[in-house]
Amino acid sequence: MRRKRIQTNDPHIQALARIVGGENSILYKKEDLVAYDCDGFTVHRHLPKAVVFPKNTEEVAAIVKYCHEHDLPFLARGAGTGLSGGAIPLNGEVIISLVRMKRLISVDLENRRAVVEPGFVNLKLTNSISDRGYYYAPDPSSQYCCTIGGNVAENAGGAHCLKYGVTTNHILGLEVVLPNGEIIEIGKNGIPDPPGYDLIGLLTGSEGTLGIVTKITVRILKNPEAKQTVLAYFDRVEDASQAVSDIISAGMVPAALEMMDQTAIEGVEAAAFPVGHPKDIEALLLIEVDGISAGISEQTEEILRICRNRNVREVKVAQTEEERARWWANRKTGFGAMGAISPDYLVQDGVIPRSKLPEVLKNIQQISKKYGLRIANIFHAGDGNLHPLVLFDASKPGETEKALAAGSECLQACAAVGGSITGEHGVGIEKKEEMRFIFSDEEIAAQTDIRDVFNPKNLLNAGKLFPTPGRCVEVKHEQKQRQSL
């Protein structure tokens, strides 16, 4: 096939095109770049300088090395489903899109691990091994389209992370291109917990600021022998919240323990997978237990008993796999379903102690009234990972600003009870100022010191994760640099 000519005199575009094989592997015209001006956080939009599509690690390394040598800012991007602005090119970056690196490289059932490229879609891994009795546990709601590379960058969670943990608990090895173009391999041969510093843990969740992951060794699990799913309807949020605490206090760790409030239920029932939830309830719980067959029925009966003791209106067990799948489809479309009841929405992601659920949900109701904006709550109740969805209309002057302020106050309410500002979506640009809710200037400086070791020029995904302007932090850095001269 004849290679198209690059229609620009920009020497950087021409050089990058040569690295990735020509016109068909690079975008640089404005009309093509518009699709890359944001990710799932659409409040901010910035055009990149270019988007390149490498096919392998060597091309990624060559792109990074070129950008490093010519002081071009750059960042990596997966499917663009991130919810905190981590892939937004704030500085006119060269976006290194990893979507063409989408191979399932190997599956080792004996050692229960698989090796994938970063562009491999999360759900495809389970689909590829389910007929052999295995699956990949991390299951973010966007798992049908999000990539495992992006999951590593954000340390993504999911509905079943209560029992099985988030992405970092399932990563055995990484191949990484450092910000200077050097390629390193961490956790060779998938050996868990190699000696030395936990670099896998450090890189997982670093939001693309320390390096670009090009190969991932993940842990795969044997399918559980049995599972049962319970759906419970409550007239009061307080009763549903207390039922959550009672289940955990009883010594059970369900695979998943999810909650939706009335506004969230309205959204999911108006969207693609309605279940027929009552419109007048204040909350529902979706609970799943799994494991060996012996004992599953007893766990389910105990959950039913606890719900009934907390004034449940109705509680039922899925009778077929089709019914169970329909309940989960309804839950997993929760974020997108808000589009059925609101022109725009802002997703937040805070974490609180389970015992503080009633208190924080009341605070969120008060924030909703203060700003005159509806806030839907759909979240992983079992581990206290809240997702307030602030509903607004961006076409109305001032509403976007009000939504951002309301979202920030929701996170402040989480931090005030000893929680965190994110459990799985990451900080990105959305929550970087809110980092001050949980970290002092000194603690932030310690983290930026780590970033500077990996990324001393700060060309890789700059302006993310840490608050700006951080005058106290920046002054200390300047003083430290002067002292070292």
Side-chain angles (χ1 to χ4, degrees), residues 16 19-22 24-27 32-33 35-36 38-40 48 50-64 67 74-83 86-89 93-107 113-129 136 138-156 158 167-168 170-178 181 183-186 190 200 203-220 426 428 460-461:
L16 292 168
I19 292 171
V20 292
N24 293 325
S25 296
I26 187 168
L27 301 175
D32 295 324
L33 299 177
Y36 294 86
C38 71
D39 55 12
V51 183
V52 288
F53 298 88
K55 299 179 288 298
N56 51 52
T57 300
E58 290 69 30
E59 288 188 358
V60 173
I63 295 164
V64 170
C67 291
F74 60 98
L75 61 83
R77 178 184 170 108
T81 60
L83 294 167
I88 295 177
E93 278 91 346
V94 172
I95 290 180
I96 302 172
S97 174
L98 301 172
V99 295
R100 291 186 180 176
M101 297 174 62
K102 56 182 179 181
R103 291 183 302 151
L104 172 56
I105 297 171
S106 65
V107 176
R113 63 194 183 202
V115 181
V116 302
E117 289 184 318
F120 195 75
V121 171
N122 177 296
L123 187 58
K124 285 185 68 176
L125 180 52
T126 291
N127 290 343
S128 298
I129 57 180
Y136 179 58
D139 63 336
S141 294
S142 58
Q143 69 177 144
Y144 64 93
C145 60
C146 67
T147 62
I148 293 180
N151 295 166
V152 171
E154 300 299 326
N155 194 19
T167 297
T168 192
H170 300 270
I171 303 301
L172 300 175
L174 296 172
E175 179 185 78
V176 182
V177 176
L178 296 177
I183 302 169
I184 62 170
E185 190 174 350
I186 308 167
I200 292 175
L203 287 161
T204 304
S206 60
E207 303 194 24
T209 62
L210 303 183
I212 298 176
V213 172
T214 52
K215 193 180 295 180
I216 308 151
T217 303
V218 301
R219 187 193 314 275
I220 55 177
L460 175 57
N461 214 12

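All values derive from a computational prediction rather than experimental measurement.
- Side-chain contact between Leu75 and Ile95 is present, with at least one heavy-atom pair separated by less than 4.5 Å.
- With hydrogens and angles disregarded, no donor-acceptor distance shorter than 3.5 Å links the side chain of Ser97 to the backbone of Phe53.
- For the pair Thr204 (side chain) and Val152 (backbone), a donor-acceptor distance under 3.5 Å is absent.
- Distance CD1/Ile19 to CD1/Ile63: 6.0 Å, rounded to 0.5 Å.
- Across all their heavy atoms, Arg100 and Asn24 have their closest contact at NH2-O, 3.0 Å.
- Here the straight-line distance linking atom CD1 of Ile186 with atom CG of Leu203 works out to 4.5 Å at 0.5 Å rounding.
- Distance CD/Glu185 to OG1/Thr214: 9.0 Å, rounded to 0.5 Å.
- At distances below 3.5 Å, not a single donor-acceptor pair connects side-chain atoms of Gln143 with backbone N or O atoms of Leu123.
- One distance of note links CD1 of Ile220 with NE2 of His170; it measures 12.0 Å at 0.5 Å rounding.
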* Asked: Please walk me through it: do Phe120 and Val115 pass side chain to side chain contact (heavy atoms under 4.5 Å, CB included)?
  -> CA-CA 10 Å; Phe120 195 75; Val115 181; over 6 Å; no
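- To the nearest 0.5 Å, atoms CD1 (Ile216) and CG (Leu174) are separated by 6.5 Å.
- Between the side chain of Asn122 and the main chain of Pro138, a donor-acceptor pair closer than 3.5 Å is present.
- Using a 4.5 Å heavy-atom cutoff, the side chains of Val99 and Arg77 are not in contact.
- Scanning both residues, Ser128 and Leu104, for their nearest heavy atoms gives CB-CD2, 3.8 Å.
- Here the straight-line distance linking atom CG of Leu460 with atom CG of Leu210 works out to 8.0 Å at 0.5 Å rounding.
- At a threshold of 4.5 Å between non-hydrogen side-chain atoms, the residues Val177 and Ile96 do not count as touching.
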* Asked: Yes or no on side chain to side chain contact (heavy atoms under 4.5 Å, CB included) for Val176 and Ile183, after CA distance, side-chain angles and deciding distance?
  -> CA-CA 6 Å; Val176 182; Ile183 302 169; over 6 Å; no
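- Sorted by first and then second residue, the pairs that involve residues 116-126 and meet salt bridge (Lys or Arg N to Asp or Glu O under 4.0 Å), not counting sequence neighbours, are Arg103-Glu117.
- The shortest distance between side-chain heavy atoms of Val218 and Leu172 does not fall below 4.5 Å.
- For Lys55, the salt bridge (Lys or Arg N to Asp or Glu O under 4.0 Å) test picks out Glu59, with sequence neighbours left out.
- Using modelled atom types, one side-chain atom of Asn155 and one backbone atom of Thr168 make a donor-acceptor pair closer than 3.5 Å.
- A side chain to side chain contact (heavy atoms under 4.5 Å, CB included) with Val116 is found for exactly one of Thr217, Val107, Ile148, namely Ile148.
- Here the closest heavy-atom approach between residue Asp39 and residue Ala87 is recorded as OD2-N, 3.1 Å.
- Shortest non-hydrogen contact noted between Pro48 and Pro89 is N-CG, 3.6 Å.
- Using a 4.5 Å heavy-atom threshold, the side chains of Cys145 and Thr81 count as touching.
- With a 4.5 Å cut-off on side-chain heavy atoms, Glu154 and Pro140 do not count as touching.
- Counting heavy atoms from C-beta on, the side chains of Leu98 and Thr147 never come closer than 4.5 Å.
- With hydrogens and angles disregarded, no donor-acceptor distance shorter than 3.5 Å links the side chain of Asp32 to the backbone of Leu27.
- Between Gly181 and Val64, the shortest heavy-atom contact is N-CG1, 3.5 Å.
- Asn127 places none of its side-chain heavy atoms less than 4.5 Å from the side chain of Tyr144.
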